[in-house]
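Letters A, B, ... are given to chains in the order of the sequence lines, protein chains preceding strands, and every chain is numbered from 1. What you see is a predicted model; the values in this text were computed from it and never measured.
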2 protein chains.
Amino acid sequence: MNRMPVAERREQLVEAALTVASRDGIEAATVRAVAAEAGVSLGVVHYCFQDKDELLRAMAHAITERNTVRGLEDLPQGLPPATAIEYAIEAVWASISGTRGSQLLSYELTTASLRSAELNKVAMEQYEGQWAAATQVLEAIGHAADVSWSMDAEEIARIVVAVVDGYSLAWLVDGDAEKALRGLHGLGGYLATLTVPRDGAAATEPATDPALAAPAADPAGAA
Amino acid sequence: MNRMPVAERREQLVEAALTVASRDGIEAATVRAVAAEAGVSLGVVHYCFQDKDELLRAMAHAITERNTVRGLEDLPQGLPPATAIEYAIEAVWASISGTRGSQLLSYELTTASLRSAELNKVAMEQYEGQWAAATQVLEAIGHAADVSWSMDAEEIARIVVAVVDGYSLAWLVDGDAEKALRGLHGLGGYLATLTVPRDGAAATEPATDPALAAPAADPAGAA
DNA sequence: GAGTGACTTGAACATCTGTCCAAGTCAAGT
DNA sequence: ACTTGACTTGGACAGATGTTCAAGTCACTC
């Protein structure tokens, strides 16, 4: 095969590992399968990585970064908060539902990390990445809709990540994207109640209608 | 070893598989490891189960049933809705946080099921069990606090399962039980807004304070 | 107490896995 | 041209895993 410097070869192997593992599961990502996917002979993998675990760590790092970088900087400005939130939720969901294999692989990596000493930090890095990304999205929403949040953004981020995780998992199992998206819009409605106009005062529409906390979760809203 | 009828031996092997897999992960639950854990020789496993997959399916069925049966029938009666909900949440969380290995195994089984044709139905059965259990809990709350729900209980159950799943996963990773429980109490606050007194009329305390939707998620509430 | 059939045993087999390594190939510098 | 060293190759090895099987053991019935 083509010769190339180790650094480049490593990237190629990580890409191949990602392809195999997303398609067939983390268990299928054997050294041989990755080498074959990259069109490279067996020994190359151990020339580029000391361990199989080092390869897996590199793969985990890559997928975490890839899920994180979606910084959602392209939020239209000047929208009302509820609209900005809905927009962000649609974008997040699109990037999840379009990458089923990767999502499933993420969960596989999480559980593998929690069992294996060598993959120790992988799961924590994944979550820190997700919390940071969610915080960033919240701040982008605040900026786009000119609101701030009535709680620490990082604290809200934890809520967002937990709920998104929960619905993603359910969707992976039952394949019902519509229900998942409806649930996420429910989260959006809740988030809207946590916004505060930038110049201070009270929450946007505090006591008008508590059902606003979950408009899309209302059967009438989507059915 | 002691002789025993196949049916009984099967139960023993499922138990052993559960022990090994909860302790060391699903990958560690090899035929040999399970046989050793049960104090039985290798051939017995294939005498009782046609496949390793059949053993895993039986194990999955057992753990699903075990997580489901916690019907929470012992809810004190006559409580105000918010209190009944908090009580139920504490109980649910206690049964989760007390069985870390089993929880982790559940997620491992879910991902394994989504990758393997042989374990096809395992994940869906898990979720159907959880949704049913959540529905049961919601009805128990309704009965204990003499309220009904402003949405289909099954629809709320999906929300509950998603959020509980999300916080459980985060807790498995970061080990922060306090934050998880706080998040679940936030869910509880939200659920309280979905209750309706049994004789009809409006929601319990609809417009008084929207912050009630997440009282425990408020930093001041727990810190 | 002999026989029957349910249960048990552990060796054996084929396959797969991560890892190693001796030999090979190639590009660049002298 | 030749040397050096980075990169590649694929065979070899040890260990683990699922599965099979012929032989053994025991309880129970007639």
Side-chain angles (χ1 to χ4, degrees), chain A residues 1-21 23-60 108-109 112-113 115-120 122, chain B residues 1-21 23-60 108-109 112-113 115-120 122:
Chain A
M1 260 293 112
N2 285 348
R3 301 225 152 187
M4 66 179 67
V6 232
E8 199 173 336
R9 184 67 83 198
R10 280 171 66 108
E11 287 181 24
Q12 186 200 356
L13 288 173
V14 166
E15 207 57 43
L18 226 32
T19 302
V20 174
R23 183 188 346 110
D24 303 324
I26 198 177
E27 291 197 13
T30 66
V31 176
R32 278 170 181 80
V34 171
E37 177 74 30
V40 148
S41 80
L42 186 57
V44 171
V45 179
H46 279 94
Y47 180 76
C48 296
F49 299 92
Q50 212 176 14
D51 256 351
K52 182 197 176 184
D53 286 321
E54 191 182 319
L55 168 61
L56 286 186
R57 279 193 297 267
M59 185 185 81
E108 289 176 299
L109 275 169
S113 165
R115 293 288 192 190
S116 145
E118 283 80 12
L119 303 182
N120 227 354
V122 166
Chain B
M1 258 292 114
N2 284 348
R3 301 226 153 187
M4 64 178 70
V6 232
E8 198 173 336
R9 183 67 83 197
R10 281 172 65 109
E11 288 181 24
Q12 185 201 356
L13 288 174
V14 166
E15 206 56 42
L18 226 32
T19 302
V20 174
R23 187 194 337 115
D24 303 324
I26 198 177
E27 291 198 11
T30 66
V31 176
R32 279 171 179 81
V34 171
E37 177 74 30
V40 150
S41 80
L42 186 56
V44 171
V45 178
H46 280 93
Y47 180 77
C48 297
F49 298 92
Q50 211 176 13
D51 257 349
K52 183 197 174 182
D53 286 320
E54 191 181 320
L55 168 60
L56 285 186
R57 280 194 296 268
M59 187 186 78
E108 290 177 298
L109 275 170
S113 165
R115 293 288 192 190
S116 146
E118 283 81 11
L119 304 181
N120 228 353
V122 166

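Listed candidates were D:dT9, C:dT19, C:dT9. Nearest to the side chain of A:R32 is C:dT19. Comparing atom distances between the A:V6 side chain and each of C:dG18, D:dC7, C:dT9 picks out D:dC7 as nearest. Of the candidate nucleotides C:dA6, D:dG10, C:dG10, D:dG10 has the atom nearest to the side chain of A:S41. Nearest nucleotide to the B:K52 side chain, out of C:dG18, C:dT8, D:dG18: D:dG18. Here the nucleotide nearest the side chain of B:L42, chosen from C:dG10, D:dG10, D:dT8, is C:dG10. Nearest nucleotide to the B:D51 side chain, out of C:dT19, D:dC26, D:dT19: D:dT19.
Distance B:E54 CD to D:dG18 C1': 14 Å, rounded to the nearest Å. One can place CG of B:N2 at 13 Å from C1' of D:dA27, the figure rounded to the nearest angstrom. At whole-Å resolution of the value, CZ in B:F49 and C1' in D:dT17 are 18 Å apart. Distance B:L56 CG to D:dT17 C1': 13 Å, rounded to the nearest Å. Computed from coordinates, the B:Q12 CD to C:dT8 C1' distance equals 13 Å when rounded to whole Å. Put simply, CD on B:E27 is 11 Å from P on D:dG18, counting in whole angstrom units. What separates CG of A:L55 from P of C:dT17 is a distance of 14 Å, to the nearest Å. A:D24 has its CG atom 12 Å from the P atom of C:dT17, to the nearest Å.
OP1 or OP2 of D:dA6 has not a single side-chain nitrogen or oxygen of A:R9 nearer than 4.0 Å. Under 4.0 angstrom from either OP1 or OP2 of C:dC20 there lies no side-chain N or O belonging to A:H46. For D:dT8, the OP1/OP2 oxygens have no side-chain nitrogen or oxygen of A:Y47 closer than 4.0 Å.
A donor N or O paired with an acceptor N or O is not found under 3.5 Å between the base of C:dT8 and the side-chain atoms of B:R3.
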